[in-house]
*Asks:* 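Mind looking over this structure? Questions follow.
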Amino acid sequence: MGTRQHQPDHQRGRSLSSALRAARSLLDPLGYAHLLRVAHFYGYSHVRPRRLLTMGPGVRLAPNVSIRNGERITIGAGAEIGERCYLWAGDSAGRIDIGEHALFAPEVFVTASNYRTPPGVPVMHQDKDERDIRIGANVWLGARVVVVAGVTIGDGCIVGANSVVTKSLPPDAIAVGAPARVVGHRGDASTATPPVDEQAVDKPSVDKPGSDKPGSDKPAGDGPAGNKPTADPATGAPSDNGRGTAWPSTSLS
């Protein structure tokens, strides 16, 4: 005959303790009160203002996008707004217009109003300056980009992650930084990925005078022509002396 296995006392005690904790959580009225607060917050931060948006066909809007004053927000056809983005139009005048096929990575923050800053008055009691924001068609904003009131981002722009756009950007510009600055334009050779030097791939190097090898006459770290790397005078981006310029270090998401 088989023997019946009994659960050790200490395991039964842990299981009972876990069940009691779960029961207390489910029966705690504060938990349900907080759930109602979360539902209320979701209602006024997304559900109700979303009904007021003007959206073209094919728009994809994450269910946790935070929206303020949706009646002053327009989103063009085919645009995609990622999770946890913020679209905050002004309370009375500031509009947000987003062009067709714009792409917002997660946590992009767009606000059409700013508090004023006179001293001696708490910030939340200050008056606000509201100005329209226009984000053009086919614009790509990386993760956690901030766009402030009054800015126009031209069609086709790309803005790197974590950038803060405080001034308008021309069409097809590539911008990074806080504040964002233009480092190139789409289609420029200076922003293309550098070509691979096939002669330098998988081939043994030979020590020659003037090489970067230990003991050579040429100082280590010099460029391929014996000159130290310089900056591109047009963009300020690092240059590798004619062998192609790498993309900005700020990533896009």
*Asks:* For Asp155, check side chain to side chain contact (heavy atoms under 4.5 Å, CB included) against everything at least two apart and list the hits.
*Replies:* Arg134, Ala137
*Asks:* Restricting to non-hydrogen atoms, name the atom on Asn69 and the atom on Ala89 that form the minimum distance, rounded to 0.1 Å.
*Replies:* ND2-O, 3.0 Å
*Asks:* So does Arg84 have more than 12 non-hydrogen atoms from other groups sitting under 6.0 Å from CZ?
*Replies:* yes
*Asks:* What is the minimum heavy-atom distance between Ala93 and Asp132, and which atoms define it?
*Replies:* O-OD1, 3.5 Å
*Asks:* Should Pro118 and Gln126 count as side-chain neighbours, where that means a heavy-atom distance under 4.5 Å?
*Replies:* yes
*Asks:* Leu141 pairs by side chain to side chain contact (heavy atoms under 4.5 Å, CB included) with which of Val165, Ile158, Ile153?
*Replies:* Ile153
*Asks:* So, does Arg186 use its side chain to make a donor-acceptor pair with the main chain of Asp172 at under 3.5 Å?
*Replies:* no
*Asks:* Is it the case that atom CZ in Phe109 sees more than 12 heavy atoms from other parts of the structure closer than 6.0 Å?
*Replies:* yes
*Asks:* Considering only heavy atoms from C-beta outward, does the side chain of His40 approach that of Leu36 to under 4.5 Å?
*Replies:* no
*Asks:* Name all pairs fulfilling the side-chain hydrogen bond (donor to acceptor under 3.5 Å, both in side chains) condition that reach into residues 112-121, sequence neighbours left out, sorted by first residue then second.
*Replies:* Arg116-Asp129
*Asks:* State which residues pass side chain to side chain contact (heavy atoms under 4.5 Å, CB included) with Ala112; sequence neighbours excluded, sorted by chain then number.
*Replies:* Ile96, Ile133
*Asks:* Which class fits the ring pair Tyr42 and His46: parallel under 30°, tilted 30 to 60°, perpendicular over 60°?
*Replies:* parallel
*Asks:* Assess, by modelled atom type and distance only, whether the side chains of Asn162 and Arg144 contain a donor and an acceptor separated by less than 3.5 Å.
*Replies:* yes
*Asks:* Please find the pair of heavy atoms, one from His185 and one from Pro170, that lie closest to each other, and give the distance.
*Replies:* NE2-CG, 4.1 Å
*Asks:* With a 4.5 Å heavy-atom cut-off, do Leu87 and Ile75 have their side chains touching?
*Replies:* yes
*Asks:* Determine the minimum heavy-atom distance between Pro179 and Thr166, stating which atoms define it.
*Replies:* CB-OG1, 3.5 Å
*Asks:* With heavy-atom distances below 4.5 Å as the criterion, would you say the side chains of Ser92 and Lys128 are in contact?
*Replies:* no
*Asks:* Taking all non-hydrogen atoms of both residues, which atom of Gly184 and which atom of Asp188 are closest, and how far apart?
*Replies:* C-OD2, 4.1 Å
*Asks:* Is it true that a side-chain atom of Arg50 and a backbone atom of Ile67 form a donor plus acceptor pair closer than 3.5 Å?
*Replies:* no
*Asks:* For the residue pair Leu53 and Leu61, establish whether any side-chain heavy-atom pair is separated by less than 4.5 Å.
*Replies:* yes
